[in-house]
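First the structure, in the form of structure tokens, and then the observations on it.
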Amino acid sequence: MTFRWPGLTSALILALGATTSLAAQDPLAARYDRERIAHDARHYEIQVRLADSGSVFNASVTTHWRLTDRSPIRINLDSAYRITALTIDGQPARYRRAEPDLLLLDLPANTNDSATTRIEYHGAPPKFLRPGRNQGQDDGLVQRGHGANRKIFADNWPDRARRWLAAQDHPSDKATAGWTIEAPNGLTVVANGTLQRTEPAGPGLTRWRFTIDQPIPVYTMVLGAARLAKTALPPAACAARCIPVSIYTYPEDSAFAVTGPFRQAPEMIDFFSRIFGPYPYGELRHVQSSTIFGGMENSTVIFYDEGAYSSRRMTDGLVAHETAHQWFGNSATEADWHHLWLSEGFATYAAALWAGHTRGDSALHNTMINNREAVLRSGASDRPIIDPDATDLLGLLNTNNYPKGAWVLHTLRSLVGDSTFFRGVRRYYSTYIHSTALSSDFARIMTEESGQDLTWYFTQALTQPGFPVFTVTTALNNGTLTITLTQTQKAAWGLFRLPNLDVQLGGPGGRRLQANITGRTTTLRTNWTGSTAPAVTLDPDGRWLLDTGTP
């Protein structure tokens, strides 16, 4: 997802559970989310009827569960809805509300290792668009207009699916889905997966049927309906299997979408398929919508801010970021919100790789420099990437998980080399495709692929706040140049280890030394024939996230 930083004022609170002994031993494997998922939702069969106007809609969700114990089944659904029917394995069932958005269903005595629940409900999502509000703010499911001007878009991240969809709303539990959506004639409907058919559904309604056979996180399970123009792009990844790629826009914006940011959308799939692994789904749609984010990576059906379309502010970097999420975030999914960098850091770095692929190494370098500047200017640096104290899920959309997360990967690449880095990333993806992972899983794979113990690096990069800040002093005495590098960052950030840090003497092309930074002060000595000490540049190739106090 690409976050629109200004104007987002709501806070979604995630209470923290007790830290497990595993968390105390290995923070890379810690699960800090309060919610503990007991049962596995395997498939959601979702039926929705969208009214011609107003905000009320009718829905039913049938869920197939794999049971792991006798604890109650948990279903998230906002209390704004009236539940009209609820069954377990076809028999009427009772529920109790543990929280305003959590239903608990006790298992019947004769239930074994699987169960099927069905819940029917209707009502209006609790917070709807009101005149003068920013479009889509806080709604979860935005509905406005009527008839042919109707616009309805789900906007789930992070845990807003429960505001309209009865599901187990946590990224650690992924499932396949089938959609049967009845919508007013004249609207085009989009949802996850592949469109199977359309058919009349009664006076003034059309029924749309979509299915996705790969398990996806609930926060990417969406529907959309509006007056949309479809533009087909050339298929992608045809060396393996052709992936249909298309754009859905409001009719007035269709020309810009094709000539502008989506011109190379199929090539993005080709590129990421080569460096990460095969595209994980059957097709990909890019959709103009009312999302509150700049872009939202819903599986197979990416939503983009309608305002960015109409004002022509969209870039191919945004499209690359959201496309990369189909691999990282949607397919290989973080098992706990506090490991969000596995999604956003990867997508941010993938967009930088795309810039380098299309515009050369200097574009990759400049993109990472811009990412570095964003981190250096950010107040989030006082917290680590994996932040046990984080309670605001929307607050996780910060520079730690985006540009700093990208820098974790960029520096790792320089430590292990290109071939090992991309081999490790491909193995991580292939291991956790259609599954979930924690930071420890990625660290383990990279350690194995590199043959190095990288525990120190991942612990430093992910659990230590801030970044190294260096003061550089020089002294020239009888042809001996002494260079002193001192870490001067905040004491609370701790000290950083930087092996083989390049130190350049003079301007570009000047002689280079290497410093092995292990403590607060590091001293280098070398011969120097000049009459004055040269300028010293640390890390001239931009391999480390650091600050020297100079541009």
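Heads up: numbering here begins at 1 and tracks the sequence. Because the structure is predicted, anything quoted here is derived from the model rather than measured.
Minimum interatomic distance between Ile445 and Gly424 (heavy atoms only, all atoms of both residues): CG2-O, 3.6 Å. Thr333 approaches Pro171 most closely through the heavy-atom pair CG2-O, 3.8 Å. Heavy-atom minimum distance, Asn298 versus Tyr219: OD1-O, 3.9 Å. Summarising the geometry of Thr399 relative to Ala374, their closest heavy-atom pair is CG2-O, 3.8 Å, with the distance given to 0.1 Å. Between Leu545 and Val375, the shortest heavy-atom distance links the atoms CD2-CG1, 3.9 Å. When all heavy atoms of Leu102 and Arg74 are compared, the pair lying nearest together is CD2-NH2, 3.6 Å.
To the nearest 0.5 Å, atom CZ of residue Phe293 and atom CE of residue Met1 are 5.0 Å apart. A distance of 15.0 Å separates CH2 in Trp65 from CG in Asp113, rounded to the nearest 0.5 Å. Rounded to the nearest 0.5 Å, atoms OG (Ser414) and CG (Asp539) are 8.0 Å apart. Rounding to the nearest 0.5 Å places OG of Ser362 at 12.0 Å from CD1 of Ile369. A distance of 5.5 Å separates CG in Leu393 from CG in Asp159, rounded to the nearest 0.5 Å. Separation of atoms CG (Asn401) and CG (Leu342) is listed at 9.0 Å; rounding is to 0.5 Å.
Ring to ring, Trp157 and Trp337 are close: their centroids are under 6.0 angstrom apart. Ring centers of Trp341 and Tyr402: at least 6.0 Å apart, outside the cut-off. Between Phe303 and Phe153, the ring center distance clears the sub-6.0 Å criterion.
No side-chain donor-acceptor contact under 3.5 Å links His339 to the backbone of Ala437. In this structure, Gln326 contributes its side chain and Ser331 its backbone to no donor-acceptor pair below 3.5 Å. Between the side chain of Glu297 and the main chain of Glu322, no donor-acceptor pair closer than 3.5 Å is present. With hydrogens and angles ignored, the 3.5 Å screen pairs a side-chain donor or acceptor of Thr411 with a backbone N or O of Arg543. A donor-acceptor pair under 3.5 Å is formed between the side chain of Tyr457 and the backbone N or O of Val408. Checked by atom type and distance alone, the side chain of Asp101 never pairs as donor or acceptor with a backbone atom of Leu77 at under 3.5 Å. His39 contributes a side-chain N or O that, together with a main-chain N or O of Ser71, makes up a donor-acceptor pair within less than 3.5 Å. When atom types are taken as modelled, the side chain of His338 and the backbone of Ala30 share no donor-acceptor pair closer than 3.5 angstrom. In this structure a side-chain-to-backbone donor-acceptor pair under 3.5 Å is present from Thr300 to Gly193. Under a 3.5 Å cut-off, the side chain of Gln460 and the backbone N or O of Arg497 do form a donor-acceptor pair.
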Lys174/Glu334 under salt bridge (Lys or Arg N to Asp or Glu O under 4.0 Å): CA gap, chis, key distance, verdict:
CA-CA 11 Å; Lys174 301 167 70 172; Glu334 65 281 0; over 6 Å; no

Going through the checks in order, is the side-chain contact (heavy atoms from CB on, under 4.5 Å) test met by Asn370 and Thr367?
CA-CA 5 Å; Asn370 289 337; Thr367 301; 5.5 Å; no

Applying side-chain contact (heavy atoms from CB on, under 4.5 Å), run through Leu412 and Phe458 and close with a yes or a no.
CA-CA 9 Å; Leu412 176 65; Phe458 284 104; 3.8 Å; yes

Would Asn400 and Arg383 satisfy side-chain contact (heavy atoms from CB on, under 4.5 Å), going step by step from the backbone distance to the final call?
CA-CA 8 Å; Asn400 281 342; Arg383 305 301 310 168; 4.2 Å; yes

Take Thr180 and Gln47, measure what side-chain hydrogen bond (donor to acceptor under 3.5 Å, both in side chains) needs, and give me the verdict at the end.
CA-CA 5 Å; Thr180 302; Gln47 295 178 296; 4.8 Å; no

Check the pair Phe262, Thr249 against side-chain contact (heavy atoms from CB on, under 4.5 Å), reporting the backbone distance first and the verdict last.
CA-CA 12 Å; Phe262 296 102; Thr249 66; 6.0 Å; no

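A 4.5 Å side-chain heavy-atom check between His325 and Glu344 finds at least one atom pair inside the cut-off. The shortest distance between side-chain heavy atoms of Pro234 and Val245 does not fall below 4.5 Å. At a threshold of 4.5 Å between non-hydrogen side-chain atoms, the residues Arg372 and Trp544 do not count as touching. Using a 4.5 Å cut-off on side-chain heavy atoms (C-beta onward), Thr116 and Thr62 make contact. Here the side chains of Trp208 and Trp179 are not in contact, with every heavy-atom distance at 4.5 Å or above. Contact of the Tyr32 side chain with the Pro27 side chain is registered, since non-hydrogen atoms from C-beta on lie closer than 4.5 Å. Proximity of Ser310 to Tyr250: side-chain heavy atoms (C-beta onward) are nowhere separated by under 4.5 Å. Contact annotation: the side chain of Tyr304 never approaches that of Gln288 to less than 4.5 Å [non-hydrogen atoms, C-beta and beyond].
Pairs engaging residues 244-326 under the disulfide (SG to SG under 2.5 Å) rule: none recorded [sequence neighbours left out]. Within the structure, salt bridge (Lys or Arg N to Asp or Glu O under 4.0 Å) pairs that include any residue of residues 250-267 comprise Asp253-Arg312 (at least two apart or interchain).
No donor-acceptor contact under 3.5 angstrom links the side chains of Ser246 and Arg285, judged on distance only. Using a 3.5 Å distance cut-off with no hydrogens or angles, the side chains of Trp354 and Asp316 do pair a donor with an acceptor. Lys151 and Ser290 share no donor-acceptor pair across their side chains, judged by distance under 3.5 Å alone. Of the N and O atoms on the side chains of Asn156 and Trp164, at least one donor lies less than 3.5 Å from an acceptor on the other residue. Side-chain polar atoms of Thr291 and Asp155 form a donor-acceptor pair below 3.5 angstrom. No side-chain N or O of His64 forms a donor-acceptor pair with one of Ser114 less than 3.5 Å apart. Between the side chains of Glu449 and Thr420, not a single donor N or O lies within less than 3.5 Å of an accepting N or O.
Crowding of Asp361 atom CG: a count of heavy atoms from other residues, nucleotides or ligands under 6.0 Å not exceeding 12.
Using a 30° and 60° split on the angle between ring planes, Tyr428 and Phe346 fall in the tilted class, from 30° to 60°. Classified by interplanar angle (parallel below 30°, tilted 30° to 60°, perpendicular above 60°), the ring pair Tyr279/Trp327 is perpendicular.
Ion pairing of Arg66 with Asp40 is present here, as a side-chain N (NZ or NE/NH1/NH2) and a carboxylate O approach within less than 4.0 Å. Glu283 has no carboxylate O lying under 4.0 Å from a charged side-chain N of Arg241, or vice versa, which leaves the two without a salt bridge.
Checking Thr211, Thr63, Thr176 one by one against His43, the side chain to side chain donor-acceptor pair (under 3.5 Å) holds for a single residue, Thr176.
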